[in-house]
Student: 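Below you will find the structure I want to go over with you.
We name chains A, B, ... by the order of the sequence lines, and we start the count at 1 in each one.
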Protein chains: 2
Amino acid sequence: MFYISQKNKYALKALYELAKHKGEGPLKTAEISKRQRIPLKFLEVILAELKRSKIIAAKRGYQGGYTFVGSPEKISVGDVIRFIAKQPDKDDCIACGKEIKHCPYIPSCAFFPLWQKAHDAIFRIYDETTLQDLLENKHADGIFSLK
Amino acid sequence: MFYISQKNKYALKALYELAKHKGEGPLKTAEISKRQRIPLKFLEVILAELKRSKIIAAKRGYQGGYTFVGSPEKISVGDVIRFIAKQPDKDDCIACGKEIKHCPYIPSCAFFPLWQKAHDAIFRIYDETTLQDLLENKHADGIFSLK
DNA sequence: TCTTTTTCCGACCTATTTGGTCGACAAAGG
DNA sequence: CCTTTGTCGACCAAATAGGTCGGAAAAAGA
């Protein structure tokens, strides 16, 4: 529930690199892998999957690679996360996730509103942050406390 | 990252029952297990753990059970989640979770502010929801769409 | 003090998920 | 036709989640 996997983070990082490289021709998987320290073979899997979303396109062979197709201002983190996440089973609880069985949208579930609010809050952030925002490094306030 | 485990949900449900039962003497593990459909043995583990937080107390033997000690208005969902979650390693990234290694609080990490905002947003919800709120079933608006 | 009830505790178990790899194949240039 | 680079399916290992077992310790009643 609300889990952001490594795969998700890799996907975002890869898209970040591709968005940054936009307009300069295809970027190779190997290059992305190096820049973002993502295991090559795993990255291949991820990019192939992302390609299906049409926001990136691939070109094979010599001088090949991936290119960012859409515009980074129009793709949000939420879009990416939703795309990578496996589609929920049709009878999962929207709020609780897998709990099913004894909680199929029971209005009397004391926790439903909580999980839903949490879900909304987090996706509000994800949805209002575009790849462009990430590129521009909108570090609102540099609270990098600790150490 | 941001993952709410089944254990966490069980913990909340158990506390919900205990809070509801407050003032009526100890409530047995077996009873909680039945009411909330939580596997007994697993629940035992969870309650023993929660006891260490002092918000519930145990009494053994005949007529024993658990009692809610504090006041439900003062315990938030966030408190419970933080308590149950395993303490993060001292050099995990506050925002990203386990990513460590190549991201130890690097201010140049383009994603740090995002994860931090997400973290704040979700815990804001968790922290402002008390057990009492859950008891009062503050279903703001009954959007139990779907089916 | 014996028995019952109930919590306590450590070891253990198992399926799923995560994170990742391998090897062969397909296309695109040079 | 050789190299480069993406594509694809199968495979795999470690971690984690989620849960179980068996008994010990304490509390109270008989």
Side-chain angles (χ1 to χ4, degrees), chain A residues 1-14 18 25-34 36-53 56-69 84-89 92 96-101, chain B residues 1-14 18 25-34 36-53 56-67 69 81 84-89 96-102:
Chain A
M1 201 167 151
F2 308 142
Y3 179 64
I4 301 296
S5 63
Q6 191 70 337
K7 187 175 173 184
N8 247 312
K9 293 186 208 157
Y10 285 161
L12 283 168
K13 287 181 170 182
L18 286 168
L27 186 58
K28 288 171 193 126
T29 309
E31 185 59 28
I32 300 173
S33 163
K34 199 162 36 165
Q36 289 289 345
R37 297 189 194 77
I38 303 171
L40 180 61
K41 281 301 201 175
F42 196 25
L43 179 58
E44 287 181 357
V45 173
I46 294 167
L47 287 174
E49 201 170 329
L50 283 173
K51 204 189 84 169
R52 296 193 295 102
S53 79
I56 59 175
K59 193 185 169 197
R60 298 187 184 190
Y62 194 78
Q63 297 284 45
Y66 284 91
T67 41
F68 198 98
V69 169
I84 282 293
K86 52 176 160 300
Q87 307 313 322
D89 285 352
D92 282 1
C96 326
K98 288 235 162 261
E99 189 122 355
I100 337 170
K101 302 298 165 45
Chain B
M1 200 167 153
F2 309 141
Y3 179 65
I4 301 297
S5 63
Q6 191 71 336
K7 186 174 174 185
N8 247 313
K9 294 185 209 160
Y10 285 161
L12 284 168
K13 287 181 170 182
L18 286 167
L27 186 59
K28 286 168 194 132
T29 309
E31 184 60 26
I32 300 174
S33 163
K34 200 163 31 167
Q36 289 287 345
R37 296 187 194 77
I38 303 171
L40 180 60
K41 281 301 202 173
F42 195 26
L43 179 58
E44 287 181 358
V45 173
I46 294 167
L47 288 174
E49 201 169 329
L50 283 173
K51 204 190 82 169
R52 296 192 295 105
S53 80
I56 58 174
K59 193 184 171 197
R60 296 187 185 191
Y62 194 79
Q63 297 284 47
Y66 283 90
T67 41
V69 170
I81 289 176
I84 283 293
K86 53 177 161 301
Q87 308 312 323
D89 286 351
C96 325
K98 287 234 162 264
E99 190 122 354
I100 339 170
K101 302 298 165 47
H102 351 95

Student: Taking OH from B:Tyr62 and P from D:dA30, how many angstroms apart are they, rounded to a whole number?
Tutor: 7 Å
Student: Output yes when at least one side-chain N/O atom of A:Tyr3 is less than 4.0 Å from OP1 or OP2 of C:dG19, else no.
Tutor: yes
Student: Heavy atoms from C-beta onward define the side chain here; which of D:dA28, D:dT20, C:dG20 lies closest to that of B:Phe42?
Tutor: D:dT20
Student: Would you say the side-chain atoms of B:Ser33 pair up with the backbone N or O of B:Ile38, donor to acceptor, closer than 3.5 Å?
Tutor: yes
Student: Take the protein atom CD1 of B:Ile46 and the nucleotide atom P of C:dT7, then report the distance between them rounded to whole Å.
Tutor: 14 Å
Student: Side chains of B:Lys9 and A:Met1: closer than 4.5 Å at any heavy-atom pair?
Tutor: yes
Student: Apply ring pair (Phe, Tyr, Trp, His ring centres under 6.0 Å) to B:Tyr62 and list each qualifying residue two or more places apart in sequence or on a separate chain.
Tutor: none
Student: I want to know whether A:Tyr3 and B:Phe2 have ring centres closer than 6.0 Å.
Tutor: no
Student: Please tell me which of the listed nucleotides, D:dG18, C:dT7, C:dG20, lies nearest to the side chain of A:Tyr10?
Tutor: C:dG20
Student: Evaluate the side-chain proximity of A:Thr67 to A:Leu18: yes if any heavy-atom separation is below 4.5 Å, no if none is.
Tutor: no
Student: Five pairs at each end of the helix from C:dT1-D:dA30 to C:dG30-D:dC1: take the axis at both ends and give me the angle between them to 10°.
Tutor: 0°
Student: Could you give all pairs that pass the salt bridge (charged side-chain N to carboxylate O under 4.0 Å, His left out) test and reach residues 38-48 of chain B, with sequence neighbours left out?
Tutor: B:Lys41-B:Glu44
Student: Indicate yes or no: at least one non-hydrogen side-chain atom of B:Asn8 is less than 4.5 angstrom from one of B:Ile81.
Tutor: yes
Student: Rounded to whole Å, how long is the line connecting atom CZ of A:Arg60 with atom C1' of C:dG29?
Tutor: 14 Å
Student: How long is the line joining CE of A:Met1 and P of C:dT18, in whole Å?
Tutor: 15 Å
Student: Between D:dG18 atom C1' and B:Lys9 atom NZ, what is the distance in whole Å?
Tutor: 12 Å
Student: Closest approach to the side chain of B:Ala58, judged atom by atom: which nucleotide of D:dG19, C:dT7, D:dG18 is it?
Tutor: C:dT7
Student: Please report, rounded to the nearest Å, how far the C1' atom of C:dA15 is from the CD atom of B:Gln6.
Tutor: 15 Å
Student: How many whole angstroms separate atom NZ of B:Lys28 from atom P of C:dC8?
Tutor: 15 Å
Student: Does A:Lys7 reach the side chain of A:Phe42, with side-chain heavy atoms less than 4.5 Å apart?
Tutor: yes
Student: Tell me: NZ of B:Lys7 to C1' of D:dT20, nearest whole Å?
Tutor: 14 Å
Student: For D:dG6, take OP1 and OP2 only and decide whether either is under 4.0 Å from a side-chain N or O of A:Lys59.
Tutor: no
Student: When you check the phosphate oxygens OP1 and OP2 of C:dT7, does a side-chain N or O of B:Thr29 lie under 4.0 Å from one of them?
Tutor: yes
Student: Please classify the nucleic acid contact of B:Lys41 as base, sugar-phosphate, or nothing, using heavy-atom distances under 4.0 Å.
Tutor: base
Student: Quick one: which of C:dA28, C:dG20, C:dT7 gets closest to the side chain of B:Glu44?
Tutor: C:dT7
Student: When the nearest nucleotide of DNA chain C is assigned to A:Leu43 and to A:Gln63 on a heavy-atom basis, which residue is associated with the more 5' position?
Tutor: A:Leu43
Student: Nearest-nucleotide wise, let me know which of A:Gly64 and B:Val45 is further upstream toward the 5' end of DNA chain D.
Tutor: A:Gly64
